[in-house]
Amino acid sequence: MTLQRGKVYLVGAGPGDPELLTLKAVRAIAAADVILHDDLVHPAVLDHARPGVRVIAVGKRGGCASTPQAFIERLLAQEALAGHTVARVKGGDPFVFGRGGEELARLRAAGIDVEAIAGITAGVAAPARLGIAVTHRDHTSGVAFVTGHAKPGGAGPDWDALARSRLTLVVYMGVANAAEIRSRLVHGGLAATTPAAVIQDASLATERAVVTTLDALAHTIERERIGSPAIIVIGEVVRAADLARAAPAELVATARI
Ligand code: SAH
């Protein structure tokens, strides 16, 4: 007798607000026998799970105790090979700084059926909260999603090239390195007066946002105690930001954008 093989859904849960889940994500979560979720996933997302299914938290927030990636991949494979339907639920989109690519490759190599379900990535959802259109055609020809926190031993983004690109820059995992990002971009030739926005906890009740300049980026983050998770948006498109949603007013005034 051969065992019926299971399936793994790599599910994007969107930026936070459970209403930003896709219908397909809800369906995959509802079909799952086992759910592995990371800690940027809102607890209400799990309300869609069937009663009694196994739910395993595998958080890996920077600086906190985390579940090793190899362990997660082994567990996913093991559950699928045991015939279970597995939902691997991640914040945002599974393939945007989400290690979805690594998990997909590992599972496919083990002969496991994997289906990715796209989610709304924070790099688009967070600016949208301020009415910032990341590819507004009056200002830019595109957008670059970059990490502000390179993989250990990795080179990280080519900030000189990005500074010259005239693209909107959307930086994930960047708040702790804002001073360095500023100096690299200014060194690369991007005007220090370029507008910048930072949005923490986008789409959640705890959301906070500031609008400032590239020059004042680190200072503003520190002063307003903006912490992770936050998205930094740098570029002319930030001029359209709805300042009524960005706090506080006097800061916006002093930022001189
Ligand atoms: N796969 C996710 C990104 C994971 S990397 C996605 O597509 O959105 C984690 C980083 O995402 C955080 O450091 C932060 O930069 C960003 N992020 C995730 N959720 C966020 C939120 N609700 N508000 C602001 N930034 C968020």
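Just so you know, ligand 1 is whichever comes first in the structure, and atom 1 is the first atom listed for that ligand.
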Work out whether the distance between some heavy atom of [X] and some atom of ligand 1 is less than 4.0 Å.
X    : value
A126 : no
G91  : yes
P15  : yes
L204 : no

Open item on the list: Could you check whether D33 pairs with R54 (Lys NZ or Arg NE/NH1/NH2 to Asp/Glu carboxylate O, under 4.0 Å)?
Closed with: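 R54 and D33: not salt-bridged.
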
Open item on the list: Tell me whether E180 is salt-bridged to R184, with the criterion being a basic N under 4.0 Å from an acidic carboxylate O.
Closed with: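 Salt bridge flag = yes for R184 with E180.
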
Please write down residue, atom name and distance for the protein heavy atom closest to [atom].
atom                    : answer
atom 14 (C) of ligand 1 : A230 O, 3.4 Å
atom 21 (C) of ligand 1 : A202 N, 3.5 Å
atom 26 (C) of ligand 1 : A122 CB, 3.5 Å
atom 12 (C) of ligand 1 : P229 CB, 3.8 Å
atom 1 (N) of ligand 1  : V96 O, 2.7 Å

Which of the ligand 1 atoms, numbered from 1, are nearer than 4.0 Å to a heavy atom of [X]:
X    : value
T121 : 6 (C), 7 (O), 8 (O)
L40  : 9 (C), 18 (C)
I199 : 24 (C)
I231 : 15 (O), 16 (C), 24 (C), 25 (N)

Open item on the list: As an exercise, state the distance from CZ of R182 to CG of D215, rounded to the nearest 0.5 Å.
Closed with: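 Nearest 0.5 Å value for the CZ-CG distance: 4.5 Å.
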
Open item on the list: To the closest 0.5 Å, what do you measure between CG (L214) and CD1 (I232)?
Closed with: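 Going from CG on L214 over to CD1 on I232, the span is 9.5 Å.
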
Task: Criterion side chain to side chain contact (heavy atoms under 4.5 Å, CB included) on L162 and I234, from CA distance to verdict - done: CA-CA 11 Å; L162 289 170; I234 303 164; over 6 Å; no

Task: Residue R166 excluded, over 12 heavy atoms near CZ under 6.0 Å - done: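 Not buried by this count: 12 neighbours or fewer within 6.0 Å.
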
Task: L190 and W159, any side-chain heavy atoms less than 4.5 Å apart - done: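 A side-chain contact is absent here, since even the closest heavy-atom pair is not under 4.5 Å.
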
Open item on the list: Please compare M173, E207, Q200, R99 and report which has the shortest non-hydrogen distance to atom 13 (O) of ligand 1.
Closed with: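 Checking each option, the heavy atom nearest atom 13 (O) of ligand 1 is found in M173.
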
Task: Selection from F145, Y172, F97 by shortest heavy-atom distance to atom 11 (O) of ligand 1 - done: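 Selected option, by shortest heavy-atom distance: Y172.
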
Open item on the list: Testing the basics here: between K7 and A80, what is the closest heavy-atom pair and its distance to 0.1 Å?
Closed with: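 That would be N-CB, 4.3 Å.
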
TODO: Please name the pair of heavy atoms, one in I112 and one in R5, separated by the smallest distance, quoted to 0.1 Å.
DONE: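 I112 and R5 have their closest heavy atoms at N-NH1, 4.2 Å.
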
- [ ] With V198 as reference, evaluate T220, L217, I231 under the side chain to side chain contact (heavy atoms under 4.5 Å, CB included) test and give the passing residue.
- [x]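 When side chain to side chain contact (heavy atoms under 4.5 Å, CB included) is applied between V198 and each of T220, L217, I231, only L217 qualifies.
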
